[in-house]
Amino acid sequence: MSATPSPQPARVTTATIARLFGDGVRIAVLTAYDYPTARILDEAGIPILLVGDSLGQVILGYDSTVRVTMAEMLHHTRAVARGTKRAMVVADMPFLSYGVSPEASLENAGMLMREGGAGAVKLEGGERSGRTIETIVRAGIPVMGHVGLTPQSIYQLGGHRVQGKTRVQGRQLLADALAVQQAGAFAIVLELVPEQLAAAVTERLRIPTIGIGAGAGCAGQVQVVTDLLGLSADFTPKHARHYAELHTIIKSAAEAFAADVAAGSFPGPENSVRMEDSILDEVLGRTALGRAGSSSNNPAAGIPLDRDL
Ligand code: KIV
């Protein structure tokens, strides 16, 4: 009797997120940029994988997210989507792929869903992005908002600075978050916001706030996966915690491999395949007797060696 295949896990949707939020479950979100990592994070039960445009810095080595293109986002979103069975894949809309015209915003959001396999898109900006969010949501595409520090505007904001600390900025942040909710977003990222303000915004919204550097009072937390895994030796932001030290693990693995290659102990017998000696004799045109001695007993026979060609 054949075994019954186990049913596919149900894909996380905006309804799942609303239910988790309604049940008071704090939502864990991680960035992902490639197939193998997405598979592991999906297996770990992370409900939302964000293909963030942090891709530019942490994977592609750019100096800001501004350099990331639609082609790059599509490429990495496809890989992450292929690696997930259950998680909702949210694709970041790159700099100027939205907000220039409603048509272009919708076209690009649609491409990330249709060609990238995303289940939602994320875009930056509060009041200024309200109309864009509305247009995309009306077309049936779920949108995650992003306010506070919006990395695509760092040249205007003057760097990676905490946002909302002054009276004016704090009021603007609240207005921005409400505008994103009003426009129809299903969730909103609050990045680098003082924890009391983030908690107050969270209390006033009907949609979950997903914090990064915004304290524990948010409805969920997002982290850049390479920070979480300790992949970079040079820099860890204050808001990140290392749950592994992959930089050290990968470096020692590479050093151990190089040492084994130098010593001739890799590959070992368990990593190699053997063929029947008699067949090798035929290939090389030598007799079993010749094998016992040296193959140079019969230099004229068999296939030429590379060095003879
Ligand atoms: O691009 C990204 O990784 C993000 C997160 C920091 C929220 O936008």
Side-chain angles (χ1 to χ4, degrees), residues 14 16-31 46-50 52-54 57-58 65 88 90 92-93 120-130 132-133 142-154 156-228 235-243:
T14 53
T16 325
I17 299 304
R19 184 169 43 74
L20 291 173
F21 177 54
D23 290 347
V25 176
R26 291 196 181 87
I27 300 158
V29 181
L30 281 173
T31 65
I46 301 296
I48 300 180
L49 297 188
L50 169 66
D53 60 358
S54 48
Q57 283 137 306
V58 302
T65 61
M88 172 195 273
V90 179
D92 239 341
M93 296 196 69
V121 298
K122 175 168 85 59
L123 58 90
E124 297 181 3
E127 287 183 323
R128 70 179 160 95
S129 293
T132 306
I133 295 175
V143 174
M144 179 182 274
H146 185 157
V147 301
L149 177 81
T150 45
Q152 291 172 9
S153 313
I154 50 159
Q156 199 171 45
L157 298 173
H160 290 88
R161 301 220 173 114
V162 175
Q163 301 296 307
K165 271 181 147 177
T166 66
R167 193 175 303 124
V168 172
Q169 277 189 0
R171 283 192 184 131
Q172 184 60 51
L173 190 109
L174 181 56
D176 281 339
L178 288 167
V180 166
Q181 169 177 274
Q182 178 67 24
F186 73 96
I188 180 168
V189 169
L190 302 184
E191 180 165 357
L192 284 196
V193 174
E195 59 179 351
Q196 310 96 308
L197 181 59
V201 169
T202 302
E203 271 174 26
R204 283 162 177 74
L205 294 189
R206 298 182 310 273
I207 57 172
T209 55
I210 310 293
I212 176 163
C218 295
Q221 297 291 328
V222 56
Q223 284 287 293
V224 171
V225 72
T226 48
D227 291 338
L228 186 97
F235 173 67
T236 304
K238 174 178 161 60
H239 58 70
R241 182 184 291 168
H242 283 193
Y243 286 82

Without swapping roles, check the side chain of [X] against the backbone of [Y] for a donor-acceptor pair under 3.5 Å.
| X | Y | value |
| --- | --- | --- |
| Gln181 | Phe186 | no |
| Thr65 | Ser54 | no |
| Thr166 | Gln169 | yes |

TODO: Using the side chain to side chain donor-acceptor pair (under 3.5 Å) rule, collect all pairs that involve residues 203-220, keeping only residues at least two apart or in two chains.
DONE: Thr202-Thr209
Task: Residue pairs passing the side chain to side chain donor-acceptor pair (under 3.5 Å) test where at least one lies in residues 182-199, sequence neighbours excluded - done: His146-Glu191
Task: Those residues that, when tested against Ala185, pass side chain to side chain contact (heavy atoms under 4.5 Å, CB included) (two or more places apart) - done: Ile133, Val180, Ile207
- [ ] Could you list the residues that satisfy side chain to side chain contact (heavy atoms under 4.5 Å, CB included) with His239, not counting sequence neighbours?
- [x] Leu192, Ile212, Gln223, Pro237
Do [X] and [Y] touch side chain to side chain, with heavy atoms closer than 4.5 Å?
| X | Y | result |
| --- | --- | --- |
| Arg128 | Ser153 | yes |
| Leu205 | Leu178 | yes |
| Met88 | Thr16 | no |
| Ile48 | Met144 | yes |

Nearest non-hydrogen partners of [X] and [Y], listed with the distance:
| X | Y | answer |
| --- | --- | --- |
| Gln221 | Ala216 | NE2-CA, 3.9 Å |
| Leu149 | Gly159 | CD1-O, 3.6 Å |
| Ile17 | Pro208 | CG2-CG, 3.9 Å |
| Ala214 | Gly211 | CB-CA, 4.1 Å |
| Ala177 | Ile188 | CA-CD1, 3.7 Å |
| Leu190 | Cys218 | CD1-SG, 4.2 Å |

Open item on the list: Test of understanding: with side chain to side chain donor-acceptor pair (under 3.5 Å), list the residues that count as partners of Arg161, not counting sequence neighbours.
Closed with: none
Task: Rounded distance [0.5 Å steps], NE2 in His242 versus CG in Asp227 - done: 6.5 Å
TODO: Drop me the distance from Asp53's CG to Gln152's CD, to the nearest 0.5 angstrom.
DONE: 5.0 Å
List the atom pairs, with distances to 0.1 Å, where a side-chain N or O of residues 19-29 and a protein N or O form a donor-acceptor pair under 3.5 Å, not counting sequence neighbours.
none

